[in-house]
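Everything below concerns the one structure shown next.
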Amino acid sequence: MKAVIPAAGLGTRLLPITKSQPKEMMPILNKPAIQYVVEEASYGGFDQILIITNRNKKVMEDHFDRNLELRELLTKKGEEEALKKLIKIEELADIYYLRQKEQKGLGDAVLCSEAYVGNEAFAVLLGDDIIISDIPAVKQLWEAHLKVKAPVIALEEVPEDHVERYGIVELGEEVEAGVFKITKIVEKPKKEDAPSRMAVMGRYILDHDIFTWLRSGKTGHGGELQLTDSLANYIDTKGLYGMPVKGLRVDIGSVGDWLKANLQVALLNPELKEKITRYLDELKAEGRL
Ligand code: G1P
């Protein structure tokens, strides 16, 4: 199955690190953010992946490429564990890359994938949204899609102060366990205009109709072509469904978010959790916290 990962954003809120390095290559522990997303797609059954990039993202392509020199070196040194890790990354999926020529918004980035995806339903995973879960979030959505036979998007409730950062939906009836009909969707509404606190979480199962609406779509929030505005057309046609996915979503949008993301993921590892707890206890004992 095919997945599209838009990863062409500039990451200006993380400058200067993003001056020469793509935001998607920011490490969360010892893995770049984009690897979590590619793993989710691949383990979720989507191993044909198109990543939408721009001219600053070459290092991302290198990360998933075969590094024969390193393979040879690790083989010679007998470092089998490291070699296994390397091969695992290199064989995760068939990955293709396409450059978005201009930064015209998420809708435009998705539109770039039209020829690649063809007529089948496909997944979109935003390259800077990371969801850690036992069952890959995109697989949870796919299973819901098979039941409702219409587009499904991932949702999460956010604090009222955060609604301006997301696409926000209004929910109608629950049609399957945990799957709701969406009756309204708006991109980054003001707090007072938001229909709810249920936010779109960067995972979508869509079909070919989206391209028709994107092609004729007008620019929306921030003067960009927004995916959310085109999604709204599903509501009046075949329907649009939302599902709060199970998992831990971490954000790398700002330095504070990125730091928190590292802590959140580290705390999932018992060894690192113990180290962090011990270090925090030391800081407290020294009166530095
Ligand atoms: C995009 C989408 C938005 C969604 C968000 C999730 O916004 O446009 O609807 O809620 O991703 O992270 P961006 O974060 O690219 O501004």
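Keep in mind the model is a prediction, meaning the values are calculated, not measured. Values below: all heavy atoms of this structure, side chains included; hydrogens, waters and symmetry mates excluded. Atoms within each ligand, like the ligands themselves, are counted from 1 in listed order.
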Greater than 12 external heavy atoms within 6.0 Å of E72's CD: no
Contacting atoms of ligand 1, where contact means under 4.0 angstrom from a heavy atom of Y166: 6 (C), 10 (O)
Numbered atoms of ligand 1 (with element) below 4.0 Å of R249, judged on heavy atoms: 12 (O)
Intermediate values then yes/no, salt bridge (Lys or Arg N to Asp or Glu O under 4.0 Å), K190 and E164: CA-CA 5 Å; K190 292 223 159 57; E164 300 185 12; over 6 Å; no
Modelled atom types, side-chain donor and acceptor of E170 and T183, under 3.5 Å: yes
Over 12 non-hydrogen atoms of neighbours within 6.0 angstrom of CG in D134: no
Greater than 12 external heavy atoms within 6.0 Å of E157's CD: yes
Side chain, backbone, both or neither: L126 near ligand 1, heavy atoms under 4.0 Å: side chain
Polar proximity ligand 1 side, G167 side, N/O cut 3.5 Å exclusive: yes
Partner residues of E176 under the salt bridge (Lys or Arg N to Asp or Glu O under 4.0 Å) criterion, sequence neighbours left out: none
Atom 10 (O) of ligand 1 [closest protein heavy-atom partner, distance rounded to 0.1 Å]: V200 O, 2.7 Å
Ligand 1 atoms in contact with L106 (distance to a heavy atom under 4.0 Å): 2 (C), 8 (O)
Transitive ILVMFWY side-chain link I168 to L155, under 4.5 Å: no
Under 3.5 Å side-chain donor-acceptor pair for E90 and N67: no
Element-labelled atoms of ligand 1 that are located less than 4.0 Å from some non-hydrogen atom of T228: 9 (O)
N or O contact, G202 vs ligand 1, cut-off under 3.5 Å: no
E187, any N or O under 3.5 Å of ligand 1 N or O: yes
D129, any N or O under 3.5 Å of ligand 1 N or O: yes
Nitrogen or oxygen atoms of K188 and ligand 1 under 3.5 Å apart: yes
Is_contact(atom 16 (O) of ligand 1), protein non-hydrogen, under 4.0 Å: yes
